[in-house]
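Report on the following structure.
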2 protein chains.
Amino acid sequence: MAYQKALTVLSDPTRRAVFEGLRDGPAPAGLLAKRFPVSRPAVSQHLKVLRDAGLVDVERRGTSRIYSIRLDALRELRDWIDGFWDDALLQYKEALERDDGHRQN
Amino acid sequence: MAYQKALTVLSDPTRRAVFEGLRDGPAPAGLLAKRFPVSRPAVSQHLKVLRDAGLVDVERRGTSRIYSIRLDALRELRDWIDGFWDDALLQYKEALERDDGHRQN
DNA sequence: CTTTTTGGTAAGCCATGCTTTATGTAAGCG
DNA sequence: CGCTTACATAAAGCATGGCTTACCAAAAAG
């Protein structure tokens, strides 16, 4: 049930942008920070939140820390959304059929 | 690019619960409100936010208003997550192959 | 046309949390 | 060893936003 944490964490635009910055591959914190109009500590804190939520991984290499997407939490979020979508779609189809049925009566 | 609004809106636990309350089918506002430990106006406000984000639809029937899931916004969110997931998975596989390659050298 | 039912709107309080500046830490470098 | 690089952590300010109480609106019932 960690999709809830993921949703909470991905709600902030800046943090979401930081996370999306890892979409093409791992990157060091500094490089991520330079892309956004907020201070470097701000990005650092966002990364911490993302880490605590299990959305990213860190690996120290020399003085820099390489961040990367972590699949587990992302998968839970995907599964939740997909399940929700499936239910909603099914609901929609059933509603259509009910309407057709009524029209025939 | 409405997945951003969806993510923002679904970050609040109560609001998310209200939204999930529509997962099994449409429901009137009052019935939704009774399920949660917050006041009815609070739920009303959450429903307004969900409506503004395009996540739910309203239909007036008598004095009550029937809320239901709206597919469009949900689909955008699903597509974003799925795309992100695919990219992340691809990244993971490439990383594995790189490691294997290094091991063989 | 008053009352009831079912909700939405307004105002205000208060906690959460995002941001910045300042400081701390650990690894490479000369 | 200092010094620099690269980043984290701490403290504080300030805005956002969720909750409650109080009030309003519209449809149905009688």
Side-chain angles (χ1 to χ4, degrees), chain A residues 2-22 24-70 73 77, chain B residues 2-22 24-70 73 77:
Chain A
Y3 71 90
Q4 318 201 9
K5 225 184 304 177
L7 281 171
T8 303
V9 157
L10 291 177
S11 65
D12 180 71
T14 303
R15 189 160 47 226
R16 188 168 54 236
V18 170
F19 185 59
E20 293 202 62
L22 298 172
D24 309 324
L31 196 118
L32 285 172
K34 271 187 290 188
R35 299 184 194 166
F36 308 106
V38 296
S39 68
R40 197 174 41 68
V43 174
S44 223
Q45 291 176 74
H46 283 309
L47 285 169
K48 174 179 173 50
V49 173
L50 288 168
R51 213 180 332 136
D52 289 347
L55 281 168
V56 301
D57 252 343
V58 210
E59 185 190 351
R60 304 180 70 146
R61 251 185 31 203
T63 66
S64 67
R65 318 198 178 181
I66 313 296
Y67 283 86
S68 57
I69 294 177
R70 198 160 168 279
L77 180 59
Chain B
Y3 71 90
Q4 319 202 9
K5 225 185 302 176
L7 281 172
T8 302
V9 158
L10 291 177
S11 65
D12 181 71
T14 304
R15 188 159 50 228
R16 189 169 52 235
V18 170
F19 185 58
E20 293 202 59
L22 297 173
D24 309 323
L31 196 118
L32 284 172
K34 269 186 289 186
R35 298 184 194 167
F36 308 106
V38 296
S39 67
R40 198 178 42 67
V43 173
S44 223
Q45 289 168 27
H46 282 309
L47 285 169
K48 176 178 173 50
V49 174
L50 288 168
R51 214 181 329 134
D52 290 346
L55 283 167
V56 302
D57 253 341
V58 210
E59 186 190 351
R60 304 179 69 143
R61 249 180 38 198
T63 66
S64 66
R65 319 199 177 180
I66 313 296
Y67 283 85
S68 57
I69 293 177
R70 198 161 169 278
L77 180 58

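Below, chains carry the letters A, B, ... as their sequence lines are ordered, and counting in each starts from 1.
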Ordered by number, residues from residues 29-49 of chain B within less than 4.0 Å of DNA chain D (heavy atoms) are V38(B), S39(B), P41(B), A42(B), Q45(B), H46(B)

Between the CZ atom in R65(A) and the CG atom in L47(A), the distance rounded to the nearest 0.5 Å is 10.5 Å

Hits for side-chain hydrogen bond (donor to acceptor under 3.5 Å, both in side chains) against Q45(B), two or more places apart or cross-chain, chain-then-number order -> none

From CD of E59(A) across to P of dA27(C) the rounded distance in Å is 15 Å

Which of V18(A), V9(A), L22(A) passes side chain to side chain contact (heavy atoms under 4.5 Å, CB included) with V56(A)? Answer is L22(A)

Ranking dA28(D), dG8(C), dT19(C) by distance to the side chain of D12(A), first place goes to dT19(C)

- Can you tell me if the side-chain N/O atoms of S64(A) get under 4.0 Å from OP1 or OP2 in dA27(C)? no

Taking only side-chain N and O atoms of Y67(B), does any of them lie within less than 4.0 angstrom of OP1 or OP2 on dG8(C)?
yes

In whole angstroms, the gap separating P of dC18(C) from CG of D52(A) amounts to 13 Å

Separation of dT16(D) atom C1' from R15(B) atom CZ, nearest Å, is 12 Å

From the candidates dC18(C), dC19(D), dA26(C), the one with an atom nearest any side-chain atom of R60(A) is dA26(C)

To the nearest angstrom, the CD1-C1' distance between I66(B) and dG8(C) comes to 15 Å

L10(A) CG to dG17(C) C1', in whole Å, measures 16 Å

- Heavy-atom check, side chain of L10(B) versus side chain of R15(B), under 4.5 Å: no

Problem set entry | Electrostatic pair D12(B)-R16(B), nearest N-O below 4.0 angstrom | no

Please confirm whether the backbone N or O of R40(A) pairs with a side-chain atom of S44(A), one donor and one acceptor, at under 3.5 Å? no

Separation of dA8(D) atom P from L50(A) atom CG, nearest Å, is 12 Å

